[in-house]
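Note: hydrogens, waters and symmetry copies are ignored here, and every other heavy atom, side chains too, is used. Protein chains get the first letters and strands the later ones, always in sequence-line order, with residue 1 at the start of each.
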There are 2 protein chains.
Amino acid sequence: MKSSEVTCCTPVSDGLDGRQAVELADLLKVLADPARLRIVSMLASVADGEVCVCDMTEPLGLSQPTVSHHIKVLREAGFISSEKRSKWVYHRLVPAQLESVRAALAVRQPV
Amino acid sequence: MKSSEVTCCTPVSDGLDGRQAVELADLLKVLADPARLRIVSMLASVADGEVCVCDMTEPLGLSQPTVSHHIKVLREAGFISSEKRSKWVYHRLVPAQLESVRAALAVRQPV
DNA sequence: CACAAACATTGATGTGTGTCAATATATTCT
DNA sequence: AGAATATATTGACACACATCAATGTTTGTG
């Protein structure tokens, strides 16, 4: 801490408390992986919004278990939803979750 | 990959290539830490936009070397800029970098 | 000059995680 | 029922990283 005599700068009053910071960090950790970002990108760019794992392993260059792992992480964080139909599991984006992260990253102007 | 007979879903054409994914992931990794998020929050909420390390260690509950480490990571990623004046080093936010991350996270609608 | 304050650097340590091989489960087809 | 395909799970491993104690460096003060 600064010396009591000369002030260094204005005292800090952070708008983000510990819990909020951990929660947001957890969501960002999920997104902070190249493979998962590309999965999100795939789901966002595909026409009908649905993609199964079998079509992602090759473009990602990852093994099937690894892709399944990333899918699970994304789903548990609320970024995608999954539905099993017949032999395949279809995954689609949950735009609201991505938007909530975007909103949390907005710099709020001091009045 | 899917069998050649029955199509699983539309072929994927991800809009995010490997390099872009790694670059964005690297930026997100920097933000995906509670301490660094709180530092960013502090810099965003303080009146004159400047905070020195000595005033962040106590509210963060972290040691001075740890705070210095996080500051360095944030600076090297372009999220903050630092200026040494007399005995103290003042840090301020670079809003453009945060905005670029926000923009990259935007879900672009398929036409 | 000697001491203290602010910050940076180094080294060590524990924890988390991305990846794959192997295996398990579920579904479809013959 | 048996085989093949799609996906999930488990276990193991290597690597990254957040943290702190100790120390170094710079700047101001007695």
Output the rounded distance in Å from [atom1] ([X]) to [atom2] ([N]).
X	N	atom1	atom2	answer
Asp55(B)	dA6(C)	CG	P	9 Å
His91(A)	dA8(D)	NE2	P	5 Å
Leu60(B)	dC7(C)	CG	P	13 Å
Glu58(A)	dT5(D)	CD	P	16 Å
Glu50(A)	dA6(D)	CD	C1'	16 Å
Lys84(B)	dA5(C)	NZ	P	16 Å
Glu76(A)	dG18(C)	CD	C1'	15 Å
Ile71(A)	dT9(D)	CD1	P	12 Å

Pair listing, side-chain hydrogen bond (donor to acceptor under 3.5 Å, both in side chains) test, anchored in residues 19-29 of chain B, at least two apart: none
Rounded distance (nearest 0.5 Å) linking atom CD of Glu58(B) with atom CD of Gln64(B): 14.5 Å
Distance, nearest 0.5 Å, that separates CG of Leu105(B) from CG of Leu28(B): 6.0 Å
With Ser81(B) via side chain to side chain contact (heavy atoms under 4.5 Å, CB included) - residues at least two apart: Arg92(B), Val94(B)
Side chain of Val53(A) (C-beta onward), nearest among dT26(D), dT9(C), dT7(D): dT7(D)
Less than 4.5 Å apart, side chain to side chain, heavy atoms only: is that true for [X] and [Y]?
X	Y	answer
Val53(B)	His91(B)	yes
Glu50(B)	Arg85(B)	yes
Cys52(A)	Val89(A)	no

OP1 or OP2 of dA4(D) under 4.0 Å from side-chain N/O of Lys87(A): no
OP1 or OP2 of dC7(C) under 4.0 Å from side-chain N/O of Lys72(B): no
Protein proximity profile, nucleotides 16-21 of chain D - base contact B, sugar-phosphate-only contact S, no contact -, cut-off 4.0 Å on heavy atoms: --SBBB
